Amino acid sequence: MSLSHLVVNNPYNGEKVGEVVAGGAAEIETAVACAHTGAELMAAMPAHQRSSILTHTAGQLRTEATELGYLIASESGKTWNEGIAEVKRAAGIFQLAAEEARRIHGETLPFDAFETGEGRTGYWLREPVGIVGAITPWNVPLALAAHKIAPAIAAGNAVVHKPAEQTPLNALKLQEIMLHVGLPMTALQVVTGLGEEAGDALVRHSDVPFVTFTGSRAVGMQLPARAGYKRVALELGGNSPVIITESANIKTASAAIVAGGYAVAGQLCISVQRVLVQRTMMKQLVDALVPLVEALVTGDPLEAKTNVGCLIDVAACDRIESLVHSTMRSGAALLYGGFRIGRTSFAPTLITDIPTDRGLAMDEAFGPIVALLPYDTLEQAVAIANATPYGLNAGIFTGQISQAEYAARNLNFGAVMINDVPSFRSDLMPYGGRKQSGIGREGVRFAIEEMTELKVICSKSISLN
Ligand code: NAP
């Protein structure tokens with residue numbers, strides 16, 4: 001039977017970058033069957049060997065960062081510099097996993113704390129779940145694959161990876177690197193194909209005890225019901241706020257907002273989307289922000305001078321254009337941008353006076369749009385920040401410790417950045433969302449916890465005669 005194919009295009013100019021197999025349920029079936037062998041091999045592999053494979057993967061990623069960064073930029077429309085940075089980040093995640101692989105352990109249990117436990121000794125330990133199903137999005141294709149594959153291998157699992165249909169080539173490259181540095185062939189299966197076919201089959205497969213998904217809220221929220229009896233971790237979308245108080249350092253905050261709002265053309269789950277500004281600071285912030293946004297170069301992601309790449313496809317650019325137009329029709333004021341540039345690029349856009357009960361204020365934009373919303377009291381700012389269905393990261397710029405503490409305590413988010421934008425993430429922190437931004441945590445050590453099962457070993461002493 002001949003397999004159908006998916007063409008991978010450069011989102012900026014539509015040119016063909018490559019072609020992959022469009023796998024479906026049959027390919028998932030084969031991959032899971034192979035992964036059974038992989039899971040046995042990995043569970044038996046000593047920690048130092050798993051660690052060594054991960055270290056060598058990190059090294060090879062660093063060696064190939066420029067080429068792999070180019071491939072990522074060609075597939076995803078992020079800039080080449082962003083692509084290279086992502087490869088280096090992925091290398092760091094593999095290195096971290098190499099270190100964590102050596103310290104996956106349990107502890108002894110004091111059974112005799114209860115009368116019923118007298119004469120018993122024992123401990124708990126972590127065992128791999130077996131096969132990890134990993135489904136990843138296109139916007140950070142390599143680093144987010146690393147966030148699933150590296151901890152899974154560190155913990156002694158096999159992985160079946162379904163990358164996004166737009167960015168399968170770097171996933172195949174990562175697989176090639178890992179096999180080259182000694183990972184058993186059966187331990188990492190990559191099935192390229194469509195989400196509703198290959199992805200759905202992976203989620204539903206009864207031999208895959210754990211599925212880790214990063215993607216949109218719309219898709220992610222349907223998965224637990226389809227998955228049946230298994231664990232599902234979800235890393236979903238966001239609508240991240242940053243609060244600017246009257247004591248904020250405006251120069252620092254402005255630079256961070258621009259970096260966090262327009263990186264990857266705003267297509268990050270923790271992009272700065274809402275800037276909540278103390279009303280008296282609005283003019284000062286706008287005056288600082290506009291020249292910085294104006295200075296950004298939007299263009300071909302593969303050119304070194306480009307700061308802002310393109311949207312993932314024409315439909316995404318159409319969606320952003322119509323979001324800006326509808327927000328404008330509702331009375332919003334454009335401070336900069338608001339126009340399309342060519343096929344899939346959109347000018348970095350700064351907007352204010354938006355409706356506060358819908359659109360940009362509530363949903364995920366996933367494009368280069370930052371909205372400024374005024375507030376009067378910090379209590380009000382925190383209430384506005386909390387008012388969306390999302391809860392990934394939030395930030396606050398303030399010179400007052402009491403304001404920072406208030407925000408840290410009351411912002412209902414997975415992480416609160418003080419004197420930084422919500423777009424900051426360290427790969428070692430427990431990362432994930434509250435509310436509809438997800439279930440579970442990534443960050444290598446925390447992902448390992450999700451990808452292992454606890455087992456108790458209890459030994460009862462018996463008399464010698
Ligand atoms: P998406 O459309 O939800 O796709 C994500 C992945 O799920 C892709 O591999 C996709 O395959 C697959 N998929 C689609 N339908 C499926 C189904 N029915 N069953 C199983 N898998 C299915 O998301 P995206 O557009 O690629 O990524 C953007 C979204 O991801 C944004 O909302 C962003 O905020 C979120 N995100 C979250 C994080 C985080 O850490 N919280 C990080 C990055 C991105 P196809 O490519 O074939 O559709």
Side-chain angles (χ1 to χ4, degrees), residues 6-8 11 20-25 28 75-78 86 89 93 133-148 160-171 190-205 208 211-227 232-240 263-271 273 311-313 315-316 319 363-367 388-393 413-415 422-423 425 427 429-443 446-447:
L6 286 177
V7 174
V8 180
V20 294
V21 167
I28 290 290
E75 289 184 280
S76 72
K78 65 171 56 176
E86 181 175 342
R89 180 179 167 203
I93 295 165
I135 301 178
T136 50
W138 53 265
N139 68 330
V140 192
L142 186 72
L144 296 181
H147 260 301
K148 300 183 185 316
V160 179
H161 178 204
K162 205 305 275 176
E165 63 187 270
Q166 299 92 337
T167 54
L169 300 175
N170 69 86
V190 179
V191 180
T192 54
L194 299 179
E196 55 271 27
E197 294 171 9
D200 186 62
L202 180 57
V203 167
R204 291 179 191 271
H205 205 294
V208 177
V211 169
T212 166
F213 170 90
T214 300
S216 62
R217 174 173 69 143
V219 173
M221 285 181 67
Q222 301 170 18
L223 299 189
R226 294 183 185 165
V232 180
L234 301 172
E235 297 282 347
L236 308 180
N239 177 347
S240 292
V264 194
Q267 300 165 107
L268 291 174
C269 52
I270 44 178
S271 283
Q273 184 170 326
L311 279 300
I312 186 64
D313 53 28
R319 187 182 56 75
D363 305 324
E364 180 179 47
F366 222 55
T388 78
Y390 295 104
L392 266 178
N393 284 6
F413 287 79
S423 327
R425 173 182 182 180
D427 293 310
M429 74 188 209
Y431 175 79
R434 294 190 179 180
K435 300 193 282 183
Q436 294 179 21
S437 281
I439 298 173
R441 290 291 179 270
E442 289 196 335
F446 305 93

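None of the values given here were measured: they were computed from a predicted structure. As the structure lists them, so they are numbered: ligands from 1, and atoms in each ligand from 1.
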Original post:
Donor-acceptor pair, S240 side chain versus Q273 backbone, under 3.5 Å?
Top reply: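 The answer is no, because no donor-acceptor pair under 3.5 Å joins these two groups.
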
Original post:
What atoms of ligand 1 come within less than 4.0 Å of a heavy atom belonging to R226?
Top reply: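 Checking each atom against R226, I get 18 (N).
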
Original post:
Which atoms form the tightest heavy-atom contact between Q267 and W138, and what is the distance?
Top reply: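 In terms of heavy atoms, the two residues are closest at OE1-CH2, 2.9 Å.
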
Subject >> Contact summary for V211 and I135, nearest pair of heavy atoms >> reply: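 Nearest heavy atoms, V211 then I135: CG1-CD1, 4.4 Å.
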
Original post:
Heavy-atom contacts under 4.0 Å between Q166 and ligand 1: side chain, backbone, both, or neither?
Top reply: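 Side chain only.
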
What residue and heavy atom of the protein are closest to [atom], and at what distance?
atom: atom 19 (N) of ligand 1; value: G195 O, 3.4 Å
atom: atom 10 (C) of ligand 1; value: K162 NZ, 3.8 Å
atom: atom 7 (O) of ligand 1; value: F213 CE1, 3.1 Å
atom: atom 36 (N) of ligand 1; value: C269 CB, 3.7 Å

**OP:** Compare Y390, W138, Y431 and give the one whose heavy atom is closest to atom 40 (O) of ligand 1.
**Re:**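 It is Y431 that holds the nearest heavy atom.
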
Subject >> Option of least heavy-atom distance to atom 37 (C) of ligand 1 (set: I135, L236, L268, I270) >> reply: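 Minimum heavy-atom distance to atom 37 (C) of ligand 1 goes to L236.
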
Original post:
Can you find a side-chain donor-acceptor pair between E75 and N170 that sits under 3.5 Å?
Top reply: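 Yes, N170 and E75 have a side-chain donor paired with an acceptor closer than 3.5 Å.
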
